[in-house]
Number of protein chains: 2
Amino acid sequence: MRDDDHTDGPDAAAGAAPGEGLDGASFDLSLLLPFQITQLSARLAAQARAILARHGELSLPQWRIIRVVAVGLSNRSTAIRKSAGIDKSQFSRTVNAMVDSGYVTLAPCSEDQRQFEIHLTDKAIAAHARLAPELAARQRHLLNALTPDQREMIFPAIHALARAAETIDFLDNIPDPKD
Amino acid sequence: MRDDDHTDGPDAAAGAAPGEGLDGASFDLSLLLPFQITQLSARLAAQARAILARHGELSLPQWRIIRVVAVGLSNRSTAIRKSAGIDKSQFSRTVNAMVDSGYVTLAPCSEDQRQFEIHLTDKAIAAHARLAPELAARQRHLLNALTPDQREMIFPAIHALARAAETIDFLDNIPDPKD
DNA sequence: CCATCAAGGTGGACATGTCAACCTTTTTCG
DNA sequence: CGAAAAAGGTTGACATGTCCACCTTGATGG
């Protein structure tokens with residue numbers, strides 16, 4: 001504990017039964033969907049970093065970009081950025097770091113002067129060749145941990161949740177008291 | 001594009017058919033489980049921040065801690081930290097920030113001098129009272145976006161994936177070439 | 001009892017992610 | 001056409017998350 005503060009009262013306000021908190025009945029954090037997904041996401045990221053670390057210095061965002069390009073979706077900066085689901089800002093810094101470390105080269109984009117083309121160097125192609133099989137094995141490992149039923153509905157469920165996460169319109173019935 | 005670099009060759013190495021990338025067939029990012037979950041997690045966090053921002057200055061990690069305490073699970077620092085799933089370091093800084101901004105008070109822990117007790121102030125209790133109903137509505141909104149089948153298997157699936165994300169033992173068959 | 005080791009908290013350093021301001025290029029539309 | 005709006009990239013600032021070294025306290029085993 002930091003060497004100060006800690007004033008007085010515990011159970012100061014709100015007449016809640018001791019041991020039950022402010023919510024009526026017992027509360028189970030494991031039923032909080034966003035919380036569980038956040039925790040899962042963090043674990044998956046740690047697992048991915050562990051795999052990347054076995055083969056080199058690629059960071060997770062760097063790998064995500066290399067993967068999109070390697071897969072041949074596009075060489076246009078914006079298309080790559082959107083496929084990788086990375087913020088403009090982070091994308092700019094990550095790509096330029098990869099140029100400096102020799103993973104990619106850039107070329108002007110003829111059709112749109114604002115964008116540029118990204119091309120993998122041999123170094124990136126070699127890294128992709130080493131990493132892709134391991135990450136594919138991991139994907140199989142993860143899907144194997146699910147029952148067939150779960151495998152079948154996991155992607156639709158993720159997609160449905162992603163759409164539901166886009167708005168806060170459901171609060172229109174519960175307006176902000178400050179308004 | 002940064003005003004330098006961009007050397008020569010596109011399709012430099014690896015005999016891949018143009019337009020298909022280094023993987024044989026067409027590759028679908030939407031089937032990459034960790035990627036989809038990471039994207040979903042980011043959207044959920046953004047949604048949560050939008051809700052928190054309607055009612056005050058609480059950050060997402062601050063809210064996670066307050067929620068654990070409000071729910072009455074424990075007042076002991078370590079128990080709270082582990083329930084909230086937050087790193088030691090971040091927990092320390094977040095709690096001390098909440099002390100400074102008057103959301104919690106600390107008290108020495110008699111049974112274990114290394115830990116401390118965390119108690120909510122009226123300010124935190126009021127914030128919890130305002131936010132908890134909205135976040136509960138959001139939870140319902142998210143679950144409503146799922147079919148009954150999906151609702152039933154989403155938590156077990158998350159749990160199974162979380163366990164599968166704990167190891168990289170599945171790579172034992174594909175040892176690191178550098179070893 | 002004492003020596004060790006584990007557990008807990010703090011702080012520094014850094015990686016990752018988000019937001020906003022800004023400038024350039026492209027697109028839209030009057 | 002030309003002005004305004006939109007899209008794209010860069011940068012700074014900051015929030016969040018992770019890792020590590022360190023110190024103190026507690027638990028373990030001789």
Side-chain angles (χ1 to χ4, degrees), chain A residues 1-6 38-50 52-53 57-65 74 76-101 106-118, chain B residues 1-6 35 38-50 52-53 57-65 74 76-82 84-101 106-118:
Chain A
M1 170 171 48
R2 223 174 29 174
D3 223 351
D4 61 276
D5 206 71
H6 73 78
T38 295
Q39 297 287 105
L40 172 59
S41 175
R43 285 196 192 194
L44 289 170
Q47 186 184 43
R49 278 195 303 273
L52 292 179
E57 298 299 311
L58 275 181
S59 72
L60 201 41
Q62 285 174 342
W63 166 253
R64 288 202 285 258
I65 292 171
S74 170
R76 303 275 291 266
S77 46
T78 298
I80 296 169
R81 173 169 59 80
K82 293 189 174 171
S83 291
I86 297 180
D87 174 81
K88 272 203 301 185
S89 176
Q90 194 188 357
F91 184 78
S92 172
R93 284 183 261 250
T94 303
V95 166
N96 287 136
M98 286 194 291
V99 170
D100 293 342
S101 48
L106 308 182
C109 181
S110 45
E111 298 111 280
D112 186 340
Q113 299 298 127
R114 295 172 299 180
Q115 300 185 47
F116 49 88
E117 293 179 359
I118 300 180
Chain B
M1 167 170 51
R2 223 174 29 174
D3 225 350
D4 60 277
D5 204 72
H6 76 75
F35 177 64
T38 294
Q39 298 287 107
L40 173 58
S41 174
R43 285 198 192 191
L44 289 170
Q47 187 184 41
R49 279 195 302 275
L52 291 179
E57 297 299 311
L58 275 182
S59 72
L60 201 40
Q62 286 173 342
W63 165 253
R64 288 202 286 256
I65 292 172
S74 171
R76 303 274 292 266
S77 46
T78 298
I80 296 168
R81 174 169 59 78
K82 293 187 175 174
I86 297 179
D87 173 81
K88 274 203 301 184
S89 178
Q90 195 188 356
F91 184 78
S92 172
R93 284 184 259 251
T94 303
V95 167
N96 287 135
M98 285 194 292
V99 170
D100 293 342
S101 48
L106 308 182
C109 180
S110 44
E111 299 111 280
D112 186 341
Q113 298 299 128
R114 295 172 299 180
Q115 299 185 47
F116 50 88
E117 293 179 357
I118 301 180

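So that the names make sense, note that chain A is the first sequence line, chain B the second, and so on, each numbered from 1. Because the structure is predicted, anything quoted here is derived from the model rather than measured.
Note: CD1 (A:Ile65) to C1' (C:dG17) measures 13 Å, nearest angstrom. Spacing between atom NZ of A:Lys82 and atom P of D:dA6 amounts to 14 Å, rounded to whole angstrom units. Here D:dT16 presents its C1' atom at 17 Å from CD of B:Glu57, a figure rounded to the nearest Å. Residue B:Gln113 contributes atom CD, which lies 22 Å from atom P of C:dA6 at whole-angstrom precision. Going from atom CD of B:Gln115 over to atom C1' of D:dT24 covers 13 Å, rounded to whole Å. Nucleotide D:dC20 holds its P atom 11 Å from the CG atom of B:Asp87, rounded to whole Å. One atom, CZ of B:Arg81, and another, P of C:dA7, lie 11 Å apart when rounded to the nearest Å. Whole-Å rounding puts the B:Arg76 CZ to D:dG26 P distance at 11 Å.
Checking A:Arg49 against A:Ser92, the closest nucleotide of DNA chain D that is more toward the 5' end is the one next to A:Ser92. When each of B:Arg43 and B:Phe91 is assigned the nucleotide of DNA chain C bearing its nearest heavy atom, the one mapping closer to the 5' terminus is B:Phe91. Each of A:Thr78 and A:Thr38 has a nearest nucleotide on DNA chain D; the 5'-most of these lies closest to A:Thr78. If A:Gly85 and A:Ser110 are placed on DNA chain C by their nearest nucleotide, the residue sitting closer to the 5' end is A:Gly85.
Looking at heavy-atom distances under 4.0 Å, B:Ser89 makes contact with a base. A:Ala45 comes within contact range of no nucleotide atom at all, as no heavy-atom separation falls under 4.0 Å. Within the 4.0 angstrom heavy-atom criterion, base atoms lie near B:Arg93. Here B:Leu60 lies in heavy-atom contact (under 4.0 Å) with sugar-phosphate atoms only. Residue contacts for A:Ala46: at a heavy-atom cut-off of 4.0 Å it reaches no nucleic acid atom on any strand shown.
At distances below 3.5 Å, at least one donor-acceptor pair connects side-chain atoms of B:Ser77 with backbone N or O atoms of B:Phe116.
Atom-to-atom distance recorded for B:Gln62:CD and B:Leu52:CG is 9.5 Å, nearest 0.5 angstrom.
Put simply, B:Gln90 has no side-chain N or O that comes within less than 4.0 Å of OP1 or OP2 on D:dT16. Checking the phosphate oxygens (OP1, OP2) of C:dG11, no side-chain nitrogen or oxygen of B:Lys88 falls inside 4.0 Å. In this structure, B:Arg64 reaches the D:dG17 phosphate: one of its side-chain N or O atoms is under 4.0 Å from OP1 or OP2.
Between B:Thr38 and A:Leu44, the closest side-chain pair of non-hydrogen atoms is not below 4.5 Å. Counting heavy atoms from C-beta on, the side chains of B:Gln90 and B:Pro61 come closer than 4.5 Å.
Here the closest heavy-atom approach between residue A:Ser74 and residue A:Arg76 is recorded as OG-N, 2.9 Å.
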